[in-house]
Amino acid sequence: MKRRGLISSLIIAITIAVGLVVLLGYFIELPVLITIREVFVRWAVILTSVTLIVGVANLLTVHWRRAANAQPGGPYSVILLLAVAISFV
């Protein structure tokens, strides 16, 4: 159990450090800091995009199955699927 806490603390520390570097890159005009900030921001955009795609795919899969198998809440799943389709158009 202690290992999980250590890993969690390490992840939090890395997240805070990266956030501070990005924040400092906006306020301090050091070329190295600006370059590192740009790399971190690009990675954040890529990771966020992948996460969004996976999340939407999961949402569509779960609600498609619910609507197709006539499970409870199926009509709401159909409405959600239609709303997602309209949003993409």
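Quick caveat, the model's predicted, so the values are computed rather than measured. Only this structure's heavy atoms are used, side chains among them; waters, hydrogens and symmetry mates stay out.
Hydrophobic clustering, with ILVMFWY side chains joined whenever heavy atoms are under 4.5 angstrom apart, groups Ile36 together with Ile28. Clustering ILVMFWY residues whenever any of their side-chain heavy atoms sit less than 4.5 angstrom apart, transitively, puts Val78 in a cluster other than the one holding Ile86. Criterion: ILVMFWY side-chain heavy atoms under 4.5 Å apart, direct or through other members. Under it, Tyr76 and Val62 are not part of a common hydrophobic cluster. In the hydrophobic clustering of ILVMFWY residues, with side-chain heavy atoms under 4.5 Å counting as a link, Val22 and Ile46 come out apart.
Between the OG1 atom in Thr15 and the CG atom in Leu20 there is a gap of 11.0 Å [rounded to 0.5 Å]. Rounded to the nearest 0.5 Å, atoms CD1 (Ile53) and CG (Asn58) are 13.5 Å apart.
With Asn69 contributing its side chain and Arg65 its backbone, the two residues share a donor-acceptor pair below 3.5 Å.
In this structure, the side chains of Leu30 and Ile34 stay at 4.5 Å or more apart for every pair of heavy atoms.
Scanning all heavy atoms of the two residues, the minimum distance from His63 to Ser77 falls at ND1-OG, 2.8 Å.
When hydrophobic residues (I, L, V, M, F, W, Y) are linked wherever their side-chain heavy atoms come within less than 4.5 Å, the members clustered with Phe88 are Leu52, Val56, Leu59, Leu60, Trp64, Leu80, Leu81, Val84.
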Using a 3.5 Å cut-off and no angle test, enumerate the donor-acceptor pairs between side-chain atoms of residues 37-44 and protein atoms at least two apart in sequence or in another chain.
residue : atom : partner : partner atom : Å
Arg37   : NH1  : Gly25   : O            : 2.9

task: Take Ile14 and Leu10 through the test side chain to side chain contact (heavy atoms under 4.5 Å, CB included) and record every step on the way to the result.
output: CA-CA 6 Å; Ile14 290 171; Leu10 182 63; 4.1 Å; yes
